[in-house]
Amino acid sequence: MIKIEQLSKNYRSKKALHNLSLTIEQGELFGLLGVNGAGKTTLIKILCGLTKKTSGTITIDNLNLDQDMDKIKEIVDISPQETAIANNLTVQENLEFFANIYQNNNPQSVQGIVDIFHLDEVLNQRAKTLSGGYKRRLSIAIALISKPKILFLDEPTLGLDVFARRDLWGIIKKLKGKMTIILTSHYLEEIESLCDRVAILSQGEILQTGTIEEIKTMTGAQSFEEAFVQLVERKNAQSV
Amino acid sequence: MHRAFNFFKRNLKEIFRDPVIYIFCLGFPLVMLILFYALNKFTNGNTLIFELQALLPGVMLFSYSFVMLTLGLIVSKDRQTFFLKRLYSSPMKVSDFIFGYVLVGVLIGILQIVLCFVAGLILSISAGVQFLSVGEILLLTLWQMPMLIMNVFLGVLFGTLFNDKTAPGICSVFISFAGILGGCWMPIESMGAFETFCRCLPFYPSVYIGRVITNAQNSFGVSYAFDNVALLGIVPIALFMGLSILLTVVAFKKNIVSDH
């Protein structure tokens, strides 16, 4: 589904991504885990066409990122870290606006999304008056309006309380298998709870890829947290 | 085109649900018109540039700069909240974005024009003097369109280049420029070298030709005429309008795939 080869991204002298190679299969819920500044958001931005890569090759659904960006834009969608909604529009108007952008003229599919995200009760409320949890739900709901083959969720539960976070996990689990989902997070329990496979990033490089169990076995750690800390610390020590 | 129109509808709702537009775009120009008109009445009509015929083209030009402020604010906020970035990953094209913003700006400008003329008509009726003819109203509206377009594009440009803290500040500078360098509130024709400088910019020529259309009189009591000042004034207006469009398109295109 997604094939990344030797991807690098430099911001002037800073290397944000360095020789990164990765394959993500269709229907997977793939986690990108890393501390702040590891390169997770940069990678997602490149895959969505929001930032240019410096070098490397990317193929998404057999389409080349350099040549077929317009076609790729029709099959991917993103729920960014920032909620990115129209604040003075109601929840319903936000959904309708994005449905029109993606020419989704099926009111049933929009209603289906409203049902999944339990947005009925706030449908006529302006987005700026919503709670953080609802804003985040709306943001992800908007990303589904385009019926994407690939959905990018950039830190979907950032800043949410434990209840709103678990609520959102439930929704993301329901989406599993219906599309390819790439989720970034620095919450280990989130990755552990949701993802089929994980890539651990640090300083723009992939340190390890695999299932949670595979990563634990490879590092010999008892817990996923221990494995993560071990890998990142080893990388930091090499850099020094 | 449907995406551009959809974006225009969203911008319209977003802007008209914010009280800022009623205060700045619609209320403030109206206050200026009434204030200067009243000032002239209290000075026994001695301030000729505050007569309705001279005042209207200036107030119209001044009000367009608030359209620039409004657009600067919405574009910069859309960038700041990541709303635009999200749309950049959609199949929307640069032209869809620009059309969606520009059309809403032009619509606000037309509302301002209607409001200014209605207020002018009420003031002239209350004073028992003749107002502009329909032909003069249409011609003045048409003549001031390039300045409206310039302000609309500049609003999108400043919103694209600056954040929502800086963009209003930059727009405020332009609002002051429009008022002072356009001769909206002061007799530039009596200021020698300063007038020559103002003729090189689009504000003064726009007001000047507007006053030719409305048969206004300058501070010397002489009617504005379609002379060399007016004729040469077309050049900076066309130049600055073209430049604002070009810079906006380039800046917006660049912003879509930024390295930030």
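Please read these numbers as outputs of a predicted model, since none were measured by experiment. In what follows, every chain begins at residue 1, and chains take the letters A, B, ... in the order their sequences are listed.
- Taking the six-membered ring for Trp and the full ring otherwise, B:Tyr88 and B:Phe97 have centroids separated by under 6.0 Å.
- Neither the backbone nor the side chain of B:Leu84 comes within less than 4.5 Å of any heavy atom in chain A.
- Residues of residues 73-83 of chain B lying under 4.5 angstrom from chain A, judged on non-hydrogen atoms, are B:Thr81, B:Phe82, B:Phe83 by number.
- When heavy atoms are compared at a cutoff of 4.5 Å, A:Arg126 approaches chain B solely by way of its side chain, counted from C-beta outward.
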- Message: Would A:Glu190 and A:Ser185 count as a side-chain hydrogen bond (donor to acceptor under 3.5 Å, both in side chains) here? Give the steps.
- Response: CA-CA 7 Å; A:Glu190 184 161 293; A:Ser185 183; 3.2 Å; yes
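- Interatomic distance, B:Cys116 SG to B:Leu30 CG, rounded to the nearest 0.5 Å: 7.0 Å.
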- side-chain contact (heavy atoms from CB on, under 4.5 Å) assessment of B:Leu33 paired with B:Leu52: CA-CA 8 Å; B:Leu33 184 71; B:Leu52 265 182; 4.2 Å; yes
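- Taking the ring centroids of B:Phe66 and B:Phe28, they lie under the 6.0 Å cut-off.
- In this structure, A:Leu65 and A:Thr59 have side chains that are not in contact, with every pair of non-hydrogen atoms separated by 4.5 Å or more.
- Contact of A:Ser79 with chain B is made through backbone and side chain together, with heavy-atom distances under 4.5 Å.
- A ring-centre distance under 6.0 Å is not found for B:Trp185 and B:Phe50.
- A:Glu155 and A:Lys40 are joined by a salt bridge, as a carboxylate oxygen and a charged side-chain nitrogen come within less than 4.0 angstrom of each other.
- No salt bridge links A:Lys45 with A:Asp154; every basic N to acidic carboxylate O contact stays at or beyond 4.0 Å.
- A:Ile2 is not listed as a side-chain neighbour of A:Thr23, based on a closest heavy-atom distance of 4.5 Å or more.
- If you measure heavy-atom distances from A:Thr42 to chain B, you find no contacts under 4.5 Å at all.
- Taking A:Asn94, A:Thr83, A:Asn100 one by one and counting their heavy-atom pairs under 4.5 Å with chain B, the maximum is reached by A:Asn100.
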- Can B:Leu157 and B:Leu154 be said to form a side-chain contact (heavy atoms from CB on, under 4.5 Å), step by step? CA-CA 5 Å; B:Leu157 178 69; B:Leu154 282 180; 4.1 Å; yes
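- Side-chain atoms of A:Asn64 come within 3.5 Å of backbone atoms of A:Asp66 as a donor-acceptor pair (strictly under, hydrogens ignored).
- Taking the side chain as every heavy atom from C-beta outward, A:Lys135 and A:Arg137 never approach each other to under 4.5 Å.
- Residues from residues 3-11 of chain B that place a non-hydrogen atom less than 4.5 Å from a non-hydrogen atom of chain A comprise B:Arg3, B:Asn6, B:Phe7, B:Arg10, given in numerical order.
- Of the two parts of A:Asp70, only the side chain, counted from C-beta on, holds a non-hydrogen atom closer than 4.5 Å to a non-hydrogen atom of chain B.
- Proximity to chain B is absent for every atom of A:Gln81, based on heavy atoms less than 4.5 angstrom apart.
- For A:Ala16, no part lies near chain B; criterion is any non-hydrogen pair under 4.5 Å.
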